[in-house]
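To keep things clear, I will list the structure first and then write my remarks on it.
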Amino acid sequence: MTQRYSSHARNFIRKLGCKKNEQLHFTLVHDAEHKNQAYSHSSNYPAMTLHKPLYLLERLAPRITLFSKNNYLIHVFSQNIKGYAVFMEINYRETRKSDFKKIRAQFIDVDLNKISEHLHTNDQVQERMRSLQSDPTEKLLSITIKRNKQGLYHLLALRTKERVAALKKEFMQKHKRRIKNTMIIETKNGFHIYWVLQGGSINHFVPIQKALAQKFGSDPMITNLSRVMRLPGFYHMKNPESPFMVRVRQWGRKKPFTQKELIRSLALKPVFTAKAGRKLRKAPVLQLSRL
């Protein structure tokens with residue numbers, strides 16, 4: 001399977017419109033550590049921030065090496081097999097401390113593996129649990145309840161592999177006209193969908209991300225400029241006994257989209273504010289897609 005998808009990483013990067021001399025920024029985070037909590041620097045598997053210009057990047061994923069902060073070469077696939085997920089920063093800036101210079105794409109993260117809800121009372125929790133457990137269409141592996149500092153109950157239900165596969169088919173059928181020209185990355189639990197851009201406005205990125213998430217019911221947290229996403233051609237390793245090869249399912253059209261075209265064709269309703277535009281450049285670096 002590795003050989004079949006070995007060119008997906010570099011071709012994905014080229015499809016995003018990356019130029020030969022542009023510095024690419026990557027993050028490796030251990031999937032087991034990343035599974036149900038934010039990354040911690042006290043982890044037994046610390047994250048790695050890596051980089052390399054496109055013109056030096058190897059063509060095949062199993063051969064890719066990247067530079068660490070101290071310019072040591074890290075063989076990425078070896079780390080992936082050990083359990084590290086491979087992420088890439090989608091938008092362009094020269095260094096991780098620089099301002100962003102270019103929007104490469106608008107994108108969404110469709111996670112079909114979980115049902116995540118916040119409820120106010122224990123009675124609401126019990127009622128919701130009964131509803132989920134009695135629903136013949138839902139197939140759940142587990143349901144967990146945690147109470148946060150604000151006093152809300154967080155219900156998290158995880159679906160079975162078979163249920164996720166069925167929901168993937170339903171999503172593709174439901175949205176096939178809206179996403180027929182996009183680049184689609186299939187992950188273990190859903191899809192990452194990209195509208196590759198030309199001439200995108202940095203100030204419009206976040207409002208459009210929010211509007212896309214609302215339109216497709218996708219992860220509402222995928223809005224910041226510095227968001228990193230899983231790189232195709234590498235394994236999803238949250239379950240080491242059942243690794244899933246993240247792969248490009250559809251490459252999309254050759255001509256990039258414009259943000260205006262995207263808003264018009266999908267009937268989006270982004271809210272543009274000058275205040276939001278000033279805040280965009282200071283988004284935190286390490287925020288990961290959870291799929």
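Side-chain atoms are counted along with the backbone in the values below, which use heavy atoms only and exclude waters and symmetry mates.
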So do Ser201 and Lys260 actually touch side chain to side chain, heavy atoms under 4.5 Å?
-> no
Backbone of Asn113 reached by a side-chain donor or acceptor of Asn189 within 3.5 Å | no
Under 3.5 Å side-chain donor-acceptor pair for Thr187 and His192 = no
Donor-acceptor pair, side chain of Asn91 and main chain of Leu225, under 3.5 angstrom = yes
Return yes if a side-chain donor-acceptor contact under 3.5 Å exists between Ser68 and Asn70, otherwise no.
-> no
Considering residues, nucleotides and ligands other than Gln214, do more than 12 of their heavy atoms fall under 6.0 Å from its CD?
-> no
NZ/NE/NH1/NH2 to OD/OE distance under 4.0 Å, Lys52 and Glu58 | yes
Of the options Phe216, Trp195, Tyr194, which is the one that meets Phe107 in a ring-ring contact (aromatic ring centres under 6.0 Å, His included)?
-> Tyr194
Give a yes or no on whether a salt bridge exists between Arg128 and Glu138, defined as a side-chain N under 4.0 angstrom from a carboxylate O.
-> no
Is it true that the side chains of Asn224 and Arg227 contain a donor and an acceptor less than 3.5 Å apart?
-> yes
Could you walk me through whether Glu261 and Arg253 pass the salt bridge (Lys or Arg N to Asp or Glu O under 4.0 Å) check?
-> CA-CA 14 Å; Glu261 176 190 5; Arg253 74 185 197 188; 2.9 Å; yes
With a 4.5 Å limit on heavy-atom distance, are the side chains of Leu156 and Lys114 in contact?
-> yes
